[in-house]
Amino acid sequence: MATNGKVTGIIANLVIVEADGPVSQNEICFIRHKGVDLMAEVIKILGNKAYTQVFESTRGLKVGSDAVFMNHMLEVTLGPGILSRNYDGLQNDLDKMKGVFLKRGEYTDPLNPEAEWVFTAIAKQGDKVEAGSWLGEVIEGWMPHKIMVPFKFEGFYTVKSIVKNGTYKTKDVIAVVTDSKGKDFEVTMTQKWPVKVPIRAYKEKPRPFKIMETGVRTMDTLNPLAEGGTGFIPGPFGCGKTVLQHAVSQQAEADMIIVTACGERANEVVEIFTEFPELDDPRTGRKLMERTTIICNTSNMPVAAREASVYTGMTIAEYYRSMGLKVLLLADSTSRWAQALREMSNRMEELPGPDAFPMDLPAIISNFYSRAGFVYLNNGQTGSITFLGTVSPAGGNLKEPVTESTKKAARCFYALNQERADSKRYPAIDPIDSYSKYLEYPEIQEYLKNTIGADWVDNVTLAKDILLRGKEVSEQINILGDDGVPIDYHEKYWKAEVIDFVVLQQDAFDSIDKSTPFERQKFMLEQVLDIYKTDFDFKSFEEVNPFFKSIINTFKQMNYAEFKSEKFNGYLEQIKNKINERKAV
Amino acid sequence: METTAFQKIYTKITQITKATCSLKAEGVGYEEIATVNGRLAQVVKIQGDNVTLQIFSGTEGIPTNAEVVFMGKAPTINVSDELAGRFFNAYGDPIDGGPAVEGKEVEIGGPSVNPVRRKQPSELIPTGIAGIDLNNTLVTGQKIPFFADPDQPFNQVMAMVALRAKADKIILGGMGLSNDDYLFFKNIFENAGALDRIISFINTTENPPVERLLIPDMALTTAEYFAHEKHQKVLVLLTDMTLYADALSIVSNRMDQIPSKDSMPGSLYSDLAKIYEKAVQFPEGGSITIIAVTTLSGGDITHAIPDNTGYITEGQLFLRRDTDIGKVIIDPFRSLSRLKQLVIGKQTREDHPQVMNAAIRLFADAANAKTKLENGFDLNDYDERTLKYAKEYSRELLAIDINVEIDAMLDTGWGLFAKYFNKSEIGIKDALVAKYWPKN
Ligand SMILES: Nc1ncnc2c1ncn2[C@@H]1O[C@H](COP(=O)(O)OP(=O)(O)OP(=O)(O)O)[C@@H](O)[C@H]1O
Ligand SMILES: [Mg+2]
């Protein structure tokens, strides 16, 4: 029998429920208020008192209200029909909700029970299967969506029967499997999974060894993100975290993108709703929305559901990864999730850690990041979740708990720099402070050499050195003055500026410049390095600045032109001529 | 608010702090309002039969035998067209001597708009101020604060923007407004003949600070009525949100909550976001645009209040005195309108984005040159030119006393480029340079 309870205390969305039976940590319960059931999650238990965080406003709620415990944790529903949907943090389909304003207690089906799917069997009678084994597939939009043995199934099973290829609904039984004791289990196209538990239906998780192309030059060229890797973008407000994530979501080389808007602005999600159905996926020509699912818990939506939203996103990502897909998960902003934890821990009067965040924040963050990764599935196929989160440090100061905890968990660090943003050097990723640990992996270096070019890694290292030297000499020039340093310093400074302006800076709002494939990145890096390697003949420092400005200007025109088009080549020619005029003999 | 026959009256208060009192009571709903000896209060905590009330006007003089009456509802306001032209206090009671407003009673601080039911903001709000229109273009449905030190003329600029914005309704939410500023708003709206479009909710420095907490919700619930039900373009002015946040910290302090940065409550982000996210563009044409003021202390934007605000709003307008020209300007470096890209170059001339960026970049070069100069170095020819350019740019385009059309701003920009620079120094697409570079 289900455990019931009565409300005995209310402090904002922390509601204390006295239970009449067993209750488990993270169990879901529904609190009845004026005929509406409000969903809540148990976050602490003291004796027979369950402390729950309600995923809704608690306005008007009274002590004595009834509660029912559901005997399961917060779960998502997995099955065909998730692609291209807009969900809230608890996986309610936002489009199915009636009315302009959100109504509390309105929970909608994430899938469409009436939709018919054309099923093709993959497994056959007698096959030995386990959690995550592919039984068949349906075509979801354009994507082969695998119907799997539910992840909750433990051990091995034998396929007893499987339906004939044909049209089925998500709740129809498509197979019966038998466990080792001879017990039969029916499998439908839908299954449920608790969001806070990682799905582990894979054989192994190797170190990432491939690069995920994002089209953003300062990432791909200088500090690439690995497929199955993790990265984060910390930065003060307004420095470009969201624009950068949106750019990545549009251009990245992934089968599926899950965008989690976690406690940020509604208008930013509306931008995706509005633009993604229109924008083309640069690789497939399909609309971007056809590969995107949005999980949206904006800052004005209930705080507890904000925390759930990142887990909902991750679980859906794990589901698609198990189908052998390349999934990119984005979360903006993970700081809001940490703040949701802080608000709750505060209300529970827990002993606070630094900046009043809960003590276990670092562990929570690293557990979450560890769910990403490249995997070999049990059937030998591969799948991956690449995770890129943003962090919004208080006061823009990176020495704060969320940034520091994330830095320990994520392998790529894309620090946005206020000064760069102020001077409109977008994307404002600091080329010197940022890093990608993947560049140090021998398997990644090998991959880069094989796929981009034998000298690529050396070129990247050189470019980084030039940038660093550029920064050093610019400090020198600032201290000693333009004529207090050798002309050579000016040349070094400007050679670094060429890399900055031509490679690092990228116009996210220009149709051509916004996305640069690796081939073009390679070409451009070679061009700017050629300039670096050229000795120039300057009589005075005053000649240096105009020369490089003009070179940069032409390069920028090149960035706006179609790769290797007549225009593009024309600009290249102009640059060559300018260089020849100035070259030292 | 009158007591009705069924309401139980409690007269035994068990605990009193500076902002709250507690008592034993039954059948009370969370966030329900009550009166304590006639003062408005709201339920902030229920534990068993122990109820804690936050008293908006403070607890000075509240006796332990005060009469506590629960109202069975959250704070409400009566909405109807009659609100237009009226002035109210934080509780929504008239302060202009007029009668109480009849209308539909709605709870303030209601639910959020379903994100999929929003429309992308797309309508430019022209203000004539180039620091805004050219560099930080505003759009209906946007939320944006002025960041300004207390001595900047932010209320004046805000009033000017409001009057030029062509809104159907302007709703002023004044929090901790000095009486002089209150009268300033009243006069300027009156003189502009705009009073019938204005609705004001005012908490002045003479009123208790905690009352301010009701102002944004009063203003925004009213705004929702006009924007959603009447499809009107509503502009909400909130000044000063720093004083609002201060009131939040007073309450959370009194409730023994663990403060986070700058003694602000840990929920500051969510609290502010709930207000600012009421800005919306509805598909049927109505919209709520929020222009707020966040005063800074010594220009420090890393303080928790401006910092959290910046993370919530869609940009900020930073006022600064430019000593070179002796005028207040909209600082192009720290200011930002994040929705500008939805309209610039689309509803404005094609060269708008590039002119804007190039002009600011050159202004940044001037700032570098200035640093050089201050460090005692010689300037080169380019530096000299940027300095001259910067002064003129500041005077002709950044100063808040500019009032011109956007095309004229762009032409002024090109004029300055041509006057001080050559084509390759401005880094603008060739096609645009060919078309707009001044011919003579
Ligand atoms: N790559 C870019 N190109 C051009 N403009 C940019 C770019 N990146 C950012 N911007 C400008 O900066 C603004 C703020 O960017 P964004 O919204 O991404 O900031 P953010 O770091 O996400 O801020 P917050 O933490 O407040 O959400 C944008 O609206 C845009 O005007
Ligand atoms: Mg953002």
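Lettering of chains follows the sequences in order, A, B, ..., and the numbering in each one begins at 1.
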Shorter than 4.5 Å, heavy atoms on both sides: which option in [options] has the most such pairs with chain A?
options                               : value
B:Ile312, B:Val51, B:Asn422, B:Val44  : B:Ile312
B:Gly48, B:Ala364, B:Gly427           : B:Gly48
B:Glu107, B:Lys143, B:Lys423          : B:Glu107
B:Ala74, B:Pro111, B:Ser112           : B:Ser112
B:Gln341, B:Arg361, B:Lys274          : B:Gln341
B:Glu425, B:Lys261, B:Glu26, B:Arg334 : B:Arg334

Indicate whether any N or O donor in one side chain lies under 3.5 Å from an N or O acceptor in the other, for [X] and [Y].
X        : Y        : answer
B:Asn357 : A:Tyr426 : no
B:Glu277 : A:Thr298 : no
A:Thr242 : B:Arg338 : no

Is chain A contacted by the side chain of [X], its backbone, both, or neither, given a heavy-atom distance below 4.5 Å?
X        : value
B:Lys372 : side chain
B:His228 : side chain
B:Pro306 : backbone
B:Pro259 : backbone
B:Glu284 : neither
B:Asn50  : neither
B:Pro332 : backbone
B:Thr371 : neither
B:Asp365 : side chain
B:Val113 : both

Among the options [options], pick out the one with the most heavy-atom pairs lying under 4.5 Å from chain B.
options                                : value
A:Thr554, A:Val7, A:Ile479, A:Asp483   : A:Ile479
A:Ser335, A:Ser550, A:Ser392           : A:Ser392
A:Asn545, A:Val303, A:Leu480, A:Asn86  : A:Leu480
A:Glu264, A:Lys103, A:Lys241, A:Met301 : A:Glu264
A:Lys556, A:Arg104, A:Glu349, A:Gln418 : A:Gln418
A:Glu542, A:Glu18, A:Glu271            : A:Glu271

Item to check | Cation-aromatic face contact A:Arg265/B:Tyr276, 6.0 Å, 45 degrees | outcome: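 Judged by the rule (NZ or CZ under 6.0 Å from the ring centre, within 45° of its axis), A:Arg265 is not positioned above B:Tyr276.
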Checklist entry - Is it the case that A:Lys549 places NZ or CZ above or below the six-membered ring of B:Tyr382, under 6.0 angstrom from the centre and within 45 degrees of the axis? => result yes
Checklist entry - Between B:Lys119, B:Gln142, B:Glu314, B:Gln281, which is the residue that forms a side-chain hydrogen bond (donor to acceptor under 3.5 Å, both in side chains) with A:Asn267? => result B:Glu314
When rounded to the nearest 0.5 angstrom, what is the spacing between [atom1] in [X] and [atom2] in [Y]?
X        : Y        : atom1 : atom2 : answer
A:Thr8   : B:Asp49  : OG1   : CG    : 11.0 Å
B:Ser270 : A:Arg306 : OG    : CZ    : 4.0 Å
A:Glu400 : B:Ser260 : CD    : OG    : 11.0 Å
B:Leu336 : A:Asp422 : CG    : CG    : 9.5 Å
B:Asn380 : A:His490 : CG    : NE2   : 8.5 Å

Side chains of [X] and [Y] in contact at under 4.5 Å (non-hydrogen atoms):
X        : Y        : result
B:Ile301 : A:Phe237 : yes
B:Tyr269 : A:Glu343 : no
A:Asp482 : B:Asp383 : yes
B:Gln47  : A:Ile11  : yes

Is [X] reaching over with its side chain to a backbone N or O of [Y], donor-acceptor style, under 3.5 angstrom?
X        : Y        : answer
A:Ser299 : B:Ala273 : no
B:Tyr311 : A:Pro393 : yes
A:Gln557 : B:Ile428 : yes
B:Arg117 : A:Asp95  : yes
A:Arg59  : B:Tyr30  : no

Can you tell me which portion of [X] sits under 4.5 Å from chain B's heavy atoms? Options are side chain, backbone, both or neither.
X        : value
A:Phe357 : neither
A:Arg425 : neither
A:Ala12  : both
A:Glu350 : backbone

Give the minimum heavy-atom separation between [X] and [Y], together with the two atoms involved.
X        : Y        : answer
B:Phe377 : A:Asn478 : CE1-O, 2.8 Å
A:Lys424 : B:Ser335 : NZ-O, 4.5 Å
A:Val100 : B:Phe282 : CG1-CE2, 3.6 Å
A:Tyr571 : B:Asp430 : OH-OD2, 3.3 Å
B:Pro115 : A:Leu94  : CG-CD1, 4.2 Å
B:Ser267 : A:Arg347 : CB-NH2, 4.5 Å

Next on the checklist: Would you say NZ of A:Lys49 has more than 12 non-hydrogen atoms from neighbouring residues, nucleotides or ligands within 6.0 angstrom?
Outcome noted: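 At most 12 heavy atoms, drawn from other residues, nucleotides or ligands, come within 6.0 Å of this atom.
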Next on the checklist: For A:Glu419, is the CD atom crowded, meaning more than 12 foreign heavy atoms sit under 6.0 Å from it?
Outcome noted: no
Item to check | Carboxylate-amine/guanidinium proximity below 4.0 Å for B:Lys429 and A:Asp510 | outcome: yes
